[in-house]
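Values below: every heavy atom of this structure, side chains too, minus hydrogens, waters and symmetry copies.
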Amino acid sequence: MTTKILSVGGSIIVPDKPDTAFLGKFVAMCTKWLDEDKGRRLILVAGGGAPARVYQNAYKEVAGNSADNNAADWIGIMATRINAQLLKACFGDYCKNDVVYNPTLDDLKFDGQVLVASGWKPGFSTDTDAVYLGEKFGAKVVVNLSNIEKVYTDDPRKNPDAKPLDTISWADFRKMVGDEWTPGKNCPFDPIASKKASELGMKVICAGGKNIDNIEAILNDGSYIGTTIGE
């Protein structure tokens with residue numbers, strides 16, 4: 001049994017509205033990969049995307065200085081759940097179980113070839129949920145799909161000298177992202193997930209979510225464009 005995890009950033013699923021052209025191509029590629037070997041399984045973890053940030057920003061605008069991080073996190077989590085439900089529906093009979101809200105439950109079922117998960121609780125992003133599911137189902141690699149192709153030495157939007165990285169160690173990556181999570185934080189892989197993945201000896205591949213051929217190459221253990229984080 002081969003189990004692989006794709007953490008699908010919300011900005012890929014819903015950049016401003018659901019990207020149906022991307023979803024159609026993504027589902028077709030994934031189901032083709034699954035059909036080639038019935039021993040293959042995919043875990044898909046959906047991010048919040050535009051709906052999360054739009055609703056979080058609305059809350060912060062109304063609440064002002066009294067805005068609470070916990071409340072903002074719950075708003076983002078609800079956005080991940082509707083995105084996850086959309087993914088589950090798109091995969092039809094490949095996904096036989098309900099959307100996973102809590103990746104640490106002892107009795108989680110994985111009866112089909114696809115399992116879809118969403119956000120769980122405040123304190124981290126869906127990256128952390130992906131790491132928990134990797135631990136539970138024996139996947140040593142999490143593929144983190146977002147709107148960036150590689151991790152950079154700094155934010156390229158602010159620093160023109162920032163350079164893309166092909167590989168980086170967990171120690172160096174964690175120095176970059178820090179140890180704390182704030183709702184809506186924009187980083188290649190969240191700090192809480194990074195700490196746990198490092199402790200578990202997992203590898204994370206950060207890659208562009210819209211490049212379908214590249215995602216397929218990653219699933220097939222081929223050459224790919226992206227950044228590998230690991231020891």
Asks: Got a donor-acceptor contact below 3.5 angstrom from the K136 side chain to the L105 backbone?
Replies: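 Yes.
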Asks: Identify the heavy atoms of V177 and P191 that sit nearest to each other, and give their distance.
Replies: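 Looking at all heavy atoms of both residues, the shortest contact is O-CG, 3.6 Å.
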Asks: Counting C-beta onward and ignoring hydrogens, is there a side-chain heavy-atom pair between I148 and C206 closer than 4.5 Å?
Replies: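 A side-chain contact is absent here, since even the closest heavy-atom pair is not under 4.5 Å.
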Asks: List for me each residue that meets salt bridge (charged side-chain N to carboxylate O under 4.0 Å, His left out) alongside D166, sequence neighbours excluded, and say none if there are none.
Replies: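 Scan of D166 (salt bridge (charged side-chain N to carboxylate O under 4.0 Å, His left out), adjacent residues dropped) gives K150.
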Asks: Please check: side-chain N/O of Q56 versus main-chain N/O of I75, any donor-acceptor pairing under 3.5 Å?
Replies: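 Judged by distance alone, no pair lies under 3.5 Å.
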Asks: On a heavy-atom basis, which atom in P156 and which in A162 lie closest, and how many Å separate them?
Replies: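 Taking every non-hydrogen atom into account, CA-CB, 3.9 Å.
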Asks: Can you tell me which residue pairs pass the ring-ring contact (aromatic ring centres under 6.0 Å, His included) test with a partner in residues 111-130, sequence neighbours excluded?
Replies: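 Every pair satisfying ring-ring contact (aromatic ring centres under 6.0 Å, His included) with a residue in residues 111-130: W120-F124, W120-Y132.
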Asks: Please tell me if the side chains of L165 and F173 come closer than 4.5 Å, counting only heavy atoms from C-beta onward.
Replies: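 No, their side chains stay 4.5 Å or more apart.
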Asks: Say whether, by atom type as modelled, one donor and one acceptor occur between the side chain of T153 and the main chain of K163 under 3.5 angstrom.
Replies: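 Yes, the answer is positive, given that a donor and an acceptor are paired below the 3.5 Å cut-off.
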Asks: Does I13 belong to the same Ile/Leu/Val/Met/Phe/Trp/Tyr cluster as M78, with side-chain heavy atoms less than 4.5 Å apart forming each link?
Replies: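 No, I13 and M78 fall in different hydrophobic clusters.
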Asks: Quick test of your reading: applying side-chain hydrogen bond (donor to acceptor under 3.5 Å, both in side chains), list the pairs with at least one residue in residues 23-33, sequence neighbours left out, ordered by first then second residue.
Replies: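 Checked against side-chain hydrogen bond (donor to acceptor under 3.5 Å, both in side chains) - neighbours excluded - the pairs reaching residues 23-33 are K32-E36, K32-E216, W33-N220.
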Asks: Output all residues satisfying salt bridge (charged side-chain N to carboxylate O under 4.0 Å, His left out) with D154, sequence neighbours left out; order by chain, then residue number.
Replies: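 D154 satisfies salt bridge (charged side-chain N to carboxylate O under 4.0 Å, His left out) with no other residue.
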Asks: Shortest non-hydrogen contact from D73 to P122?
Replies: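 Nearest pair, atom of D73 first, then P122: OD2-CA, 3.4 Å.
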Asks: Enumerate the side-chain hydrogen bond (donor to acceptor under 3.5 Å, both in side chains) contacts for residues 199-211, please, sequence neighbours excluded, ordered by first and then second residue.
Replies: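 Applying side-chain hydrogen bond (donor to acceptor under 3.5 Å, both in side chains) to every pair that reaches into residues 199-211, excluding sequence neighbours, yields D19-K210, K195-E199.
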Asks: Between the side chain of N83 and the main-chain N/O of G10, is any donor-acceptor distance below 3.5 Å?
Replies: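 Here the side-chain-to-backbone pair does not exist.
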Asks: Any side-chain heavy atom of R81 sitting closer than 4.5 Å to one from I77?
Replies: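 Side chain of R81 against side chain of I77, heavy atoms only: contact under 4.5 Å found.
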Asks: Give a yes or no on whether the backbone of V45 and the side-chain of T126 come within a donor-acceptor separation of less than 3.5 Å.
Replies: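 No; judged by distance alone, with no hydrogens or angles, the pair does not exist.
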Asks: Tell me, with the steps shown, if I12 and F26 meet side-chain contact (heavy atoms from CB on, under 4.5 Å).
Replies: CA-CA 11 Å; I12 305 302; F26 178 73; over 6 Å; no
Asks: Residues two or more places apart in sequence or in another chain: which of them pass side chain to side chain donor-acceptor pair (under 3.5 Å) with S11?
Replies: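 S11 satisfies side chain to side chain donor-acceptor pair (under 3.5 Å) with no residue once adjacent residues are dropped.
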Asks: Which atom pair, heavy atoms only, marks the closest approach of P164 to Y152?
Replies: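 Minimum heavy-atom separation between P164 and Y152: N-CD2, 3.5 Å.
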Asks: Under the rule for side chain to side chain donor-acceptor pair (under 3.5 Å), what residues qualify as partners of N65, not counting sequence neighbours?
Replies: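 With sequence neighbours excluded, N65 shows a side chain to side chain donor-acceptor pair (under 3.5 Å) to no residue whatsoever.
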Asks: List the residues meeting side chain to side chain donor-acceptor pair (under 3.5 Å) with T80, not counting sequence neighbours, and say none if there are none.
Replies: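 With sequence neighbours excluded, T80 shows a side chain to side chain donor-acceptor pair (under 3.5 Å) to no residue whatsoever.
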Asks: Could you measure the distance from the SG atom of C95 to the NZ atom of K88? Nearest 0.5 Å is fine.
Replies: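 Between atom SG of C95 and atom NZ of K88 there are 4.0 Å.
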Asks: With side chains defined as the heavy atoms from C-beta onward, is the minimum distance between P18 and L86 less than 4.5 Å?
Replies: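 Yes, at least one pair of side-chain atoms sits under 4.5 Å.
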Asks: When you measure from the side chain of N144 to the backbone N and O of V204, does any donor-acceptor pair fall under 3.5 Å?
Replies: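 Flag not set: sc N144 to bb V204 has no pair under 3.5 Å.
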Asks: Count I, L, V, M, F, W, Y as connected when their side-chain heavy atoms are under 4.5 Å apart, and connections chain through other members. Are V8 and V114 then in the same cluster?
Replies: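 Linked within one cluster.
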Asks: State whether the side chain of N97 and the backbone N or O of D111 hold a donor-acceptor pair below 3.5 Å, judged by distance alone.
Replies: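 Checked: pair present.
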Asks: Is there a path of hydrophobic side-chain contacts, each under 4.5 Å between heavy atoms of I, L, V, M, F, W or Y residues, that connects I205 with I225?
Replies: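 No; I225 is not reachable from I205 via cluster members.
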Asks: Check whether any side-chain heavy atom of L6 sits under 4.5 Å from a side-chain heavy atom of L219, and report yes or no.
Replies: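 Touching, per the 4.5 Å side-chain cut-off.
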Asks: Between K96 and Q113, is there a donor-acceptor pair closer than 3.5 Å when you use the side chain of the first and the backbone of the second?
Replies: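 No; judged by distance alone, with no hydrogens or angles, the pair does not exist.
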Asks: Who passes side chain to side chain donor-acceptor pair (under 3.5 Å) against D93, sequence neighbours left out?
Replies: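 Side chain to side chain donor-acceptor pair (under 3.5 Å) list for D93, sorted by chain: empty.
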Asks: With a 4.5 Å cut-off on side-chain heavy atoms, are V142 and M202 touching?
Replies: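 Yes, close enough: below the 4.5 Å cut-off.
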Asks: Looking at M176 and I168, what are the two nearest heavy atoms and their distance?
Replies: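 Closest pair (atom of M176, atom of I168, distance): SD-CD1, 3.6 Å.
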Asks: Which residues satisfy the salt bridge (charged side-chain N to carboxylate O under 4.0 Å, His left out) test with D221, sequence neighbours excluded?
Replies: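 Scan of D221 (salt bridge (charged side-chain N to carboxylate O under 4.0 Å, His left out), adjacent residues dropped) gives K4.
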Asks: Hey, is NZ on K38 packed in by over 12 heavy atoms from elsewhere, all under 6.0 Å?
Replies: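 Atom NZ in K38 is packed in, count exceeds 12.
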Asks: Only counting residues at least two apart or in another chain, list the ones meeting salt bridge (charged side-chain N to carboxylate O under 4.0 Å, His left out) with E149.
Replies: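 For E149 there are no salt bridge (charged side-chain N to carboxylate O under 4.0 Å, His left out) partners, ignoring immediate neighbours.
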Asks: I'd like to know if I5 and L115 are part of one continuous hydrophobic network [Ile/Leu/Val/Met/Phe/Trp/Tyr, side-chain heavy atoms within less than 4.5 Å].
Replies: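 Same hydrophobic cluster.
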Asks: Could you tell me whether I82 atom CD1 has more than 12 heavy atoms of other residues or ligands within 6.0 Å of it?
Replies: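 No, because the 6.0 Å sphere around CD1 of I82 holds 12 heavy atoms or fewer from other groups.
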Asks: Could you name each residue pair satisfying ring-ring contact (aromatic ring centres under 6.0 Å, His included) that touches residues 91-112, not counting sequence neighbours?
Replies: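 Found F110-F137.
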Asks: Do the side chains of L87 and L23 get nearer than 4.5 Å, heavy atoms only?
Replies: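 Sidechains of L87 and L23: in contact.
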Asks: Are side-chain heavy atoms of I215 and L145 found at a separation under 4.5 Å?
Replies: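 Yes. Closest side-chain heavy atoms under 4.5 Å.
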